[in-house]
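Order of listing sets the numbers, starting from 1, for every ligand and every atom in it. If you read the sequence from its start, that first residue is 1, and numbering goes on from there.
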Amino acid sequence: MMLCIQALPTEVVHLITAGEVIDSLASVVRELVENSLDAGATRIVLSLWPQQWRVRVADNGCGMSLDDLQRAATAHSTSKIRQCADLWKISSLGFRGEALHSLTTLADLEILSRPHCGDGGWRIVYGYGGEARHIEAAAIAPGTVVTVSNLFENWSSRREGMPSIAQQMKAVQATIQQIALCHPHVTWQVCQNDREWFSIYPSLAVAQLLSQIVNQIKEPDLHELKLEIPNPDQSLLPTPDSLLSLVIGLPDRCHRRRPDWVKVAINKRMVKSPELEQTILTGFHRTLPRDRYPVCFLHLLIPPEQVNWNRNPAKSEIYLNHLNHWQEQIAQAIEKALRLNSTSIGESAHTTRVSQLLKAAEEKAAYNFNPSDSTEKSPTPYNIKAVAQVNNTYIVAEYPGGLWLVEQHIAHERILYEQLCDNWQIVPVEPPIILYQLSPTQVAQLENIGLDIETFGEQLWAIRTVPALLHQRDDCAEAILELSLGGDLQIAQVAVACRSAIRNGTSLTQPEMQTILEQWQRTRNPRTCPHGRPICLSLEEPALARFFRRNWVIGKSHGI
Ligand code: ADP
Ligand code: MG
């Protein structure tokens, strides 16, 4: 039997819309915490009692007057926007005026609040729909304490469909961590069942925050960059520049199995942006080992009219105006971050003196390729001198700050790879190279990367052009065969670079080594080879001085 169409009762409508904003404990936490941040809080204490479906958020924000407190939970009431035009310039985290109202239909809500400038605080218990059911004076410090209890009590199917408490708490923790990264000046204290669970301390350096949050990520392995970037269409009103802040894991020291820490925030909110995430991944292309992903937290502070938050109710997905413009800026910033070095120093306790030295060297590893001006396109080469070759494998290089050990094969591979990317040159070979028994895919593959290939009789093919780097090589035919089995042009370029680069075990003259060093320090990604292996171990003078205990005062009186 078909049902006839009828308007839904208001309660049902409320339940449906409320359920879109509030669908888990984590979403309650998100909404309450965002209200605290909008109120200017710098200290937020969160208490969770998951078995009781209860959450409390206490903040030291601006608080509410009694009038505002009475209105706070009624439908569509907000202090954050007033009119349509405001929707296009949203600078607060909240603006729909929905969260508190929704909570009154899904849970019990109680708020204590005291404004900073007013007298005394008040406590209100709200009824279903958000009317103030009980009002009384309350003695509290300036700020607001919101308690949500018995969430989803009248919606048992919602509760039943929820993941385990452990999983829900994981989601809550992830929510807080992500919000904390976007608000680095806030102190967070989080309790579960009346016991302290975790805290996050404020820091000016987002890298410091990231290392607090993710155990495996160490601050010295990160590099932080803050840039002012231009806005698109400057033609009308000149607006102040936007800000781009970037924290990356240095590709020779820090990468992950999954892209779980490739994160993007816009105007203080973590967002899902497949387009920008892709820009980041592309920026790290060919700097990491196979199947490894970078660590990168990107935060853009851009004019609010560039962002449309109305893509979904949780505001986690957005539309960005001038997407191409922002993508270009991000790509440039990542390129800059990969070229420059982090100078942050971290002491770590290590057992043996050698590993201490290596660790100190790695952490400090100041590859000062381009010390004077980071914006310069082609850096003047650093004053670097090849002094020796060890085991026909490592180049020992001296520079004013210490010494480098550079692995000759991969340094050369990086140089050739970038040359090939910039200029994939194909040259004729005479006589042609003859290959046997190629499959149609192999033939297509060779055509794809630009080679001239034609049949030359039964099961025979003639290759008349080859990549310039392979031209003079004895193993040219073998190399072409390898290319025919590979993937796209870039994979071919990596393969050609790897095959053509100087082998380890080859003895080099001083001028040869000098040339490699100079070319290598001009590359765009000097830290790793196109397979992601580190190229250089840097031993800095201060680390050496420490290792050799140069600070010891050895006087005649000691009899040494
Ligand atoms: P929105 O955040 O979209 O405005 P909410 O329902 O979350 O809607 O909150 C309604 C209003 O209650 C807010 O606009 C704000 O004025 C007030 N409010 C809520 N939480 C707090 C808080 N922690 N401190 C001060 N004011 C608050
Ligand atoms: Mg809100």
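Ligand-side atoms of ligand 1 in range of Ala39: 24 (N), 25 (C), range being under 4.0 angstrom from any heavy atom. Set against the non-hydrogen atoms of Thr78, the atoms of ligand 1 under 4.0 Å away are 1 (P), 4 (O), 14 (O). Those atoms of ligand 1 that come under 4.0 Å of a heavy atom in Ala72, given as number and element, are 10 (C), 12 (O).
In Leu32, neither the side chain nor the backbone holds a heavy atom less than 4.0 Å from any atom of ligand 1. Contacts between Ala99 and ligand 1, counted as non-hydrogen atom pairs separated by less than 4.0 Å, involve both the backbone and the side chain.
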Do any side-chain atoms of residues 194-201 form donor-acceptor pairs under 3.5 angstrom with protein atoms, and if so which ones, sequence neighbours left out?
| unit_1 | atom_1 | unit_2 | atom_2 | d |
| --- | --- | --- | --- | --- |
| Asp194 | OD1 | Trp49 | NE1 | 3.3 |
| Asp194 | OD2 | Trp49 | NE1 | 3.4 |
| Glu196 | OE2 | Ser199 | OG | 2.9 |

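Looking at Thr528 and Arg286, their side chains never come closer than 4.5 Å, going by heavy atoms from C-beta outward. Contact annotation: the side chain of Leu181 never approaches that of Gln177 to less than 4.5 Å [non-hydrogen atoms, C-beta and beyond]. Counting heavy atoms from C-beta on, the side chains of Val307 and Leu320 come closer than 4.5 Å. At a threshold of 4.5 Å between non-hydrogen side-chain atoms, the residues Arg269 and Gln178 do not count as touching.
Distances under 2.8 Å from the Mg ion (ligand 2) pick out the protein N/O/S atoms Asn35 OD1.
Under the 3.5 Å distance criterion, with hydrogens and angles disregarded, no donor-acceptor pair is assigned to the side chains of Gln332 and Glu328.
Atom OG of residue Ser65 and atom CZ of residue Arg71 lie 7.0 Å apart, to the nearest 0.5 angstrom.
Nearest protein heavy-atom neighbour of atom 3 (O) of ligand 1: Gly97 N, 2.7 Å. Distance from atom 26 (N) of ligand 1 to its nearest protein heavy atom, with residue and atom name: Met64 CG, 3.5 Å.
A perpendicular orientation is assigned to the rings of Phe152 and Trp155, their planes being inclined by more than 60° (bins at 30° and 60°).
Using a 4.0 Å heavy-atom cutoff, Glu31 is absent from the residues neighbouring ligand 1.
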